[in-house]
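In this chain, numbering begins with 1 at the start of the sequence shown.
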Amino acid sequence: MENSIILIGVGGVVLGLVIGLIIAKTKEKNNASKIIKDAKKSAASLLKEAKSEGESIKKDKILQAKEKFIELKSEHEKVILSRDKKMAEAEKRTRDKESQTSQELSKNKKLNSDLENKVKDYNHRLDVLDKKQSEIDRLHKSQVQQLEVISSLSAEEAKEQLVQSLKGEAKNDAMAYIQGALEEAKLTAEQEAKKVIINTIQRIGTEEAVDNCVSVFNIESDDVKGRIIGREGRNIRAIEAATGVEIIVDDTPEAIILSCFDSVRREIARLSLHKLVTDGRIHPARIEEIVKKTKKQIEQEIIEVGKRTVIDLGIHNLHPELIKMVGRMKYRSSYGQNLLQHSREVAKLCGVMAAELGLSPKLAKRAGLLHDIGKVPDAETDMETPHAILGMQWAEKYGEKPDVCNAIGAHHDEIEMKSLLSPIIQVCDAISGARPGARRQVLDSYIQRLKDLEDIAFGFNGVKKAYAIQAGRELRVIVESEKVSDDKAADLSFNISQKIQTDMTYPGQVKITVIRETRAVNIAK
């Protein structure tokens with residue numbers, strides 16, 4: 001009984017569990033179907049939204065594509081229009097060129113036809129002339145035959161007899177004329193020559209040419225002297241080193257003395273000092289800058305002086321290098337006589353004398369102006385060549401006429417005179433140099449001695465600049481610091497002094513100062 005009750009209880013429990021399980025499965029199935037329905041609804045709504053959004057994006061992209069297409073189409077149309085415009089312009093230019101070409105062709109055809117007509121006319125005239133010439137030759141031959149029959153002589157025999165008779169008569173007449181001319185020339189030559197020379201001298205006004213070795217630079221007050229000297233004399237040393245001019249600052253009121261035998265250097269120093277004093281900035285770097293600019297200014301002034309000189313004398317087509325040499329004469333002297341004034345004077349004298357003798361005054365002026373260009377040497381000049389020969393070589397090099405070149409080379413009898421211009425140049429040169437006060441022999445030898453001093457210094461290796469100052473009592477030598485050391489500078493000074501003692505004759509003593517300078521330069525950017 002108890003067992004059956006237990007079994008019934010167990011069976012009831014099992015049945016309840018089965019029924020509960022079935023009910024749970026049923027609820028779970030219902031929940032799953034509900035979830036699936038909801039998922040399907042949300043999926044359908046999402047698909048609908050995605051479709052609507054895709055349609056909107058599709059419409060936007062289509063609109064953007066249409067706008068881009070319209071923009072590209074407009075740009076393409078602009079390019080096509082521009083290209084069509086260029087093509088139209090090119091076609092217009094082509095049509096214009098074709099029309100010009102057709103016009104030129106028509107002109108050429110017309111010219112060719114005219115030329116052909118002229119050639120035909122010329123050939124016709126040639127034929128006529130040939131016929132006339134043949135007729136003249138025939139008539140001449142017949143006349144000669146008739147004369148031979150009449151005179152019983154051939155044409156060659158008659159010609160020879162006539163020539164012999166004319167030779168004898170001409171020889172007698174020529175001898176008589178030459179004898180008479182010689183006798184007349186002996187009587188009147190000296191008198192006429194003196195007359196021509198005196199008339200020439202009287203017609204040309206002359207001035208005494210005095211050349212100095214010093215220049216005076218005037219200043220407003222003596223305070224400027226201290227600024228020119230500079231601290232411990234550095235400014236005045238820089239000016240002397242850059243120009244090669246000795247600057248003498250003494251007790252002379254409101255004046256500074258510039259001493260140098262080379263007038264170009266003195267002028268550079270004078271103008272440089274004027275610029276420095278006017279500007280007020282006086283220091284070594286500024287001094288070097290001003291001196292360089294002044295040298296360029298002097299070179300330009302030399303060219304201008306040469307141009308003014310040839311214009312004043314009426315000389316044309318002179319080579320630019322010869323014009324430059326004429327300008328450099330302003331800063332040269334010969335025996336104390338300014339070379340440019342001397343050459344101008346000789347040119348005027350030559351022009352007057354040539355006119356008196358019936359020769360070309362222009363050619364004579366040209367030769368007179370250029371006769372002393374050999375005294376204006378450059379760095380490459382052979383100093384052993386006489387200045388007359390050197391001037392002749394330069395004149396030949398720059399295309400002067402043979403008569404002018406011969407007159408330049410022969411005015412000191414270095415070569416033979418081959419034209420009438422040569423003695424005229426020689427005489428006028430002597431007239432210009434022989435008048436009272438024109439020349440000083442002592443000055444020329446003094447200047448030559450200073451030049452010889454500088455040339456000796458330049459003969460040594462490493463010498464950059466050399467200046468003879470203190471009237472030749474001191475020689476300042478500036479050397480290149482890379483090539484000459486301090487020890488070698490002392491040896492160089494000694495060697496130059498020995499060379500001067502051996503090769504030169506001079507009064508007193510010559511002090512040789514060798515300057516070696518080292519500079520360190522950097523640029524801040």
Side-chain angles (χ1 to χ4, degrees), residues 53-135 289 292-293 295-328 360 362-363 366 370 378 380 394-402 404-405 523 525:
E53 187 175 355
E55 290 294 329
S56 63
I57 291 171
K58 183 179 177 181
K59 289 179 181 179
D60 292 338
K61 292 297 181 181
I62 290 170
L63 288 174
Q64 290 178 1
K66 286 182 179 179
E67 291 176 355
K68 187 67 176 179
F69 174 75
I70 293 170
E71 183 180 354
L72 291 174
K73 185 179 178 182
S74 63
E75 290 180 357
H76 181 67
E77 289 176 352
K78 288 180 180 178
V79 172
I80 290 173
L81 289 174
S82 175
R83 189 176 298 169
D84 292 341
K85 186 177 179 182
K86 290 181 179 177
M87 290 178 66
E89 291 177 353
E91 289 177 356
K92 184 180 178 182
R93 288 197 298 269
T94 305
R95 287 195 298 271
D96 293 340
K97 288 183 179 179
E98 287 177 354
S99 63
Q100 290 178 0
T101 305
S102 62
Q103 290 177 1
E104 293 293 332
L105 286 173
S106 62
K107 288 182 181 178
N108 288 333
K109 287 180 181 178
K110 185 177 180 181
L111 291 174
N112 286 331
S113 63
D114 293 341
L115 181 61
E116 289 177 357
N117 294 331
K118 289 182 180 179
V119 170
K120 289 179 181 178
D121 184 51
Y122 177 73
N123 291 330
H124 177 68
R125 291 185 180 183
L126 281 178
D127 293 337
V128 172
L129 287 175
D130 289 339
K131 291 179 182 178
K132 289 184 178 179
Q133 185 66 37
S134 61
E135 182 67 20
E289 178 186 354
K292 287 181 182 178
K293 290 182 180 179
K295 285 181 179 178
K296 292 181 180 179
Q297 178 183 343
I298 291 294
E299 290 175 1
Q300 188 62 34
E301 183 181 347
I302 285 172
I303 297 173
E304 293 298 325
V305 169
K307 289 180 180 178
R308 286 198 302 269
T309 301
V310 297
I311 290 172
D312 291 344
L313 294 174
I315 297 172
H316 305 288
N317 299 324
L318 198 64
H319 194 279
E321 288 296 326
L322 293 179
I323 291 176
K324 189 183 296 184
M325 291 179 185
V326 171
R328 288 166 62 188
S360 172
K362 291 185 177 180
L363 209 60
R366 198 180 192 96
L370 300 177
D378 53 20
E380 300 177 357
W394 283 344
E396 290 173 347
K397 178 180 178 182
Y398 297 120
E400 290 299 316
K401 294 183 178 180
V404 174
C405 298
I523 299 173
K525 295 183 181 180

Q.
Walk me through whether L72 and E75 qualify under side chain to side chain contact (heavy atoms under 4.5 Å, CB included).
A. CA-CA 5 Å; L72 291 174; E75 290 180 357; 4.2 Å; yes
What is the distance from atom [atom1] of [X] to atom [atom2] of [Y], rounded to the nearest 0.5 Å?
| X | Y | atom1 | atom2 | result |
| --- | --- | --- | --- | --- |
| E104 | S99 | CD | OG | 10.5 Å |
| I311 | L318 | CD1 | CG | 11.5 Å |
| E321 | I303 | CD | CD1 | 8.5 Å |
| N108 | L115 | CG | CG | 11.5 Å |
| F69 | S74 | CZ | OG | 10.5 Å |
| R328 | K324 | CZ | NZ | 8.0 Å |

Q) Side chain of S113, backbone of K109: donor and acceptor closer than 3.5 Å? A) yes
Q. With a 4.0 Å cut-off, would you call D121 and R125 a salt bridge?
A. yes
Q) Ion pair present between K293 and E289, side-chain N to carboxylate O less than 4.0 angstrom? A) yes
Determine whether [X] and [Y] make a side-chain contact, defined as any pair of heavy atoms from C-beta on separated by less than 4.5 Å.
| X | Y | answer |
| --- | --- | --- |
| L322 | M325 | yes |
| V326 | L370 | yes |
| D96 | K92 | yes |

(Q) Surrounding CD of E53 (heavy atoms of other residues, nucleotides or ligands, distance under 6.0 Å), is the total greater than 12? (A) no
(Q) Counting neighbours of CG on N317 that are heavy atoms of other residues, nucleotides or ligands and sit closer than 6.0 Å, is the number greater than 12? (A) no
Q) Which atom pair, heavy atoms only, marks the closest approach of V404 to E400? A) CG1-OE1, 4.1 Å
Q: For a side-chain contact (heavy atoms from CB on, under 4.5 Å) with K85, tell me which candidate from E89, M87, R83 qualifies.
A: E89
Q: Run the numbers on K59 and E55 for salt bridge (charged side-chain N to carboxylate O under 4.0 Å, His left out), then give the verdict.
A: CA-CA 6 Å; K59 289 179 181 179; E55 290 294 329; 5.8 Å; no
